[in-house]
Amino acid sequence: MRIHLGADCPLNLEATLCCGQAFRWKKQAEWWIGVTEQGPFKIRQHTSHLESENVSASYVKEYFGLKDNLPNIYARIGRDRVVREAIQEFSGLRILRQDPWECLVSYVCATYKSIPAIKSMIQKLCGKFGDETHFEGRSHHSFPTSTALAEATIAELEQCGLGYRAKYVSGTARIVSKGAVDLEQLRQVSYEQARKELLRFPGVGYKVADCVSLFSLGKLEAFPVDVWMRRAILRHYTRHLPRKLATNMKSEKSLSNAEYEKLSQFGRSHFGEYAGYAQEYLYHHERLHGLGLTIDQH
DNA sequence: CAAGTGCCTTTATC
DNA sequence: AGATAAAGGCACT
């Protein structure tokens with residue numbers, strides 16, 4: 001399957017898959033191999049087109065956010081020198097449209113964990129509770145269903161390295177498997193409404209709700225603030241913040257909900273309806289140039 | 001190589 | 001409301 005990428009439709013597949021929105025992609029030679037709700041497939045990028053196998057073109061366009069008009073988005077978020085520099089560095093990076101259920105569980109697991117550790121947890125969860133499929137002679141696992149995780153014991157979940165997150169994943173799985181919340185339906189409602197619904201799940205606070213809103217529900221105004229974004233804001237945007245908030249951020253304490261909301265709202269008001277894109281570019285920019293310099297080696 | 005630090009935070013408890 | 005502590009364990013230095 002070939003998909004043409006014109007000059008008006010840039011894509012950086014490597015950047016999009018490699019650092020931190022989705023945790024299950026692996027590179028083998030030039031191919032990226034992944035398993036989504038569509039099953040296992042592989043994809044690679046040539047200069048001006050995508051080549052994929054075992055997946056439909058329409059799904060690829062949807063999953064990789066190819067319908068997002070990046071040139072327009074860049075024009076809208078390119079409000080200052082810092083974002084414009086980040087856009088230059090990671091040009092073609094796109095926000096994925098992941099399966100909301102997988103995204104929700106992944107980010108519940110992700111709280112207070114490093115990216116390599118998150119990948120390890122998710123891999124174990126899939127190996128233990130996902131369905132086995134075969135693709136090109138290799139074994140793969142689907143992401144576990146909500147029922148599979150609802151039926152798992154806390155001890156089994158802990159064995160996947162979830163620690164105290166095991167009970168949150170279990171609780172969240174029970175709510176979804178009961179049908180009490182329809183995650184797909186959240187794609188149809190506003191960002192505020194979706195976030196409010198997500199906050200009802202155990203283990204989901206503002207940060208996780210924003211990540212799920214952005215990386216799976218297509219709420220492009222969501223502006224998740226993690227430790228890296230906090231550092232990026234502190235480094236480049238303190239003059240846009242109230243004096244008191246800026247001072248508080250310099251301490252190493254974690255953000256209160258009120259502080260989180262102020263930073264996230266700053267993002268939305270400064271960058272507008274595509275603030276989530278600005279967030280992703282700034283996040284990667286900060287990881288690359290920040291002092292903490294720990295780049296993920298998958 | 002051991003020990004220390006940090007991690008795409010949330011919840012419980014004051 | 002707002003501050004504070006506690007919560008796996010893994011990956012990296």
Side-chain angles (χ1 to χ4, degrees), chain A residues 15-25 86 90 93 95-96 98 102-125 153-172 175 195 198-216 222-235 244-245 247-249 251-264 267 275-298:
Chain A
T16 301
L17 289 181
C18 113
C19 330
Q21 315 181 45
F23 303 102
R24 251 151 69 73
W25 285 92
F90 302 103
L93 171 66
I95 305 287
L96 297 171
Q98 301 181 58
E102 173 168 348
C103 192
L104 175 60
V105 174
S106 297
Y107 280 93
V108 167
C109 290
T111 62
Y112 211 55
K113 278 280 188 187
S114 61
I115 289 173
I118 300 161
K119 289 181 175 173
S120 155
M121 288 188 287
I122 303 294
Q123 189 176 353
K124 286 176 190 160
L125 276 180
T153 66
I154 302 294
E156 285 175 321
L157 294 172
E158 284 173 340
Q159 282 163 25
C160 297
L162 301 203
Y164 64 90
R165 299 163 195 79
K167 57 182 179 291
Y168 302 143
V169 167
S170 178
T172 292
I175 293 172
R195 202 168 79 137
L198 290 168
L199 286 170
R200 293 165 49 197
F201 292 106
V204 176
Y206 290 115
K207 161 64 170 58
V208 172
D210 277 336
C211 286
V212 177
S213 296
L214 182 59
F215 300 135
S216 71
F223 193 85
V225 180
D226 65 342
V227 289
W228 296 98
M229 277 313 293
R230 176 188 163 151
R231 289 200 272 258
I233 294 171
L234 191 56
R235 197 189 300 274
K244 196 175 161 204
L245 178 60
T247 312
N248 281 351
M249 278 176 62
S251 77
E252 289 302 309
K253 285 188 301 185
S254 57
L255 294 175
S256 67
N257 278 346
E259 288 167 331
Y260 180 97
E261 278 297 81
K262 281 177 191 155
L263 294 183
S264 189
Y277 261 101
Q279 188 273 355
E280 265 311 275
Y281 283 84
L282 289 171
Y283 173 79
H284 291 297
H285 183 72
E286 184 65 21
R287 278 174 63 98
L288 197 61
H289 299 290
L291 283 174
L293 223 344
T294 338
I295 300 304
D296 170 31
Q297 305 284 340
H298 48 283

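The structure presented is a predicted model; accordingly, all values stated were derived computationally and were not measured. Here is the naming used below: chain letters follow the sequence lines, and residue numbers restart at 1 for every chain.
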(message) Is there a side-chain contact (heavy atoms from CB on, under 4.5 Å) between K244(A) and T247(A)? Walk through the geometry before answering.
(response) CA-CA 5 Å; K244(A) 196 175 161 204; T247(A) 312; 5.7 Å; no
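- Summarising the geometry, the separation between CD on E261(A) and C1' on dT10(B) is reported as 15 Å, rounded to the nearest angstrom.
- Of the residues near DNA chain C, S120(A) and Y112(A), the one whose nearest nucleotide (by heavy atom distance) lies more toward the 5' end is Y112(A).
- Per the geometry, CD1 belonging to I154(A) stands 12 Å off P belonging to dG8(C), to the nearest Å.
- Annotated as syn: dG8(C), whose O4'-C1'-N torsion sits within 90° of 0.
- The nucleotide whose nearest atom lies closest to any side-chain atom of V208(A) is, among dC7(B), dC8(B), dT10(B), dT10(B).
- Distances shorter than 4.0 Å separate some side-chain N or O of R231(A) from OP1 or OP2 on dC7(B).
- Comparing G203(A) and K113(A) by the nucleotide of DNA chain B that holds the closest heavy atom to each, the one mapping nearer the 5' end is K113(A).
- Side-chain contact between R235(A) and E286(A) is present, with at least one heavy-atom pair separated by less than 4.5 Å.
- Closest approach of F223(A) and D210(A) over heavy atoms only: O-OD2, 4.0 Å.
- A straight line from CG of L162(A) to C1' of dT9(B) spans 15 Å, rounded to a whole angstrom.
- Rounded to a whole Å, the CD atom of E259(A) is 14 Å from the P atom of dT10(B).
- Taking atom C1' in both dC1(B) and dA11(C), one finds a spacing of 15 Å when rounded to whole Å.
- R165(A) has its CZ atom 11 Å from the P atom of dC10(C), to the nearest Å.
- Rounded to a whole angstrom, the distance from the P atom of dA5(C) to that of dC8(B) is 23 Å.
- Distances from the side chain of E280(A) to the nucleotides dT9(B), dC8(B), dG9(C) place dC8(B) closest.
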(request) Taking Watson-Crick and G-U wobble pairs with both distances under 3.5 Å, convert DNA chain C into its dot-bracket string, 5' to 3', dots for unpaired and | for cross-strand pairs. (result) .||||||.|||||
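- Within the 4.0 angstrom heavy-atom criterion, no nucleotide atom of any strand lies near V225(A).
- Ring geometry, H284(A) versus F90(A): the interplanar angle falls from 30° to 60°, so the pair is classed tilted.
- One N or O on the side chain of Y277(A) and one on the backbone of I95(A) form a donor-acceptor pair closer than 3.5 Å.
- Taking atom P in both dT13(B) and dG8(C), the straight-line distance is 14 Å, to the nearest Å.
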(request) Would you sort out whether R287(A) and I115(A) count as a side-chain contact (heavy atoms from CB on, under 4.5 Å), showing the intermediate values? (result) CA-CA 12 Å; R287(A) 278 174 63 98; I115(A) 289 173; 3.5 Å; yes
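- Y260(A) comes within contact range of no nucleotide atom at all, as no heavy-atom separation falls under 4.0 Å.
- Nearest nucleotide to the K207(A) side chain, out of dG8(C), dT9(B), dA11(C): dT9(B).
- F23(A) and Y107(A) have their aromatic ring centers within a separation under 6.0 angstrom.
- Between the CD1 atom of I122(A) and the C1' atom of dC8(B) there is a distance of 13 Å, given to the nearest Å.
- Rounded to whole Å, atom C1' of dT9(B) lies 12 Å from atom CE of M121(A).
- Side chain of R165(A) to backbone of L162(A): a donor-acceptor contact under 3.5 angstrom is found.
- Regarding R287(A), its CZ atom lies at a distance of 12 Å from the C1' atom of dG6(B), rounded to whole Å.
- Residue-level contact check: F23(A) touches neither bases nor backbone, having no heavy atom under 4.0 Å from any strand.
- Comparing A110(A) and V204(A) along DNA chain B, the residue whose closest nucleotide (by nearest heavy atom) sits nearer the 5' end is A110(A).
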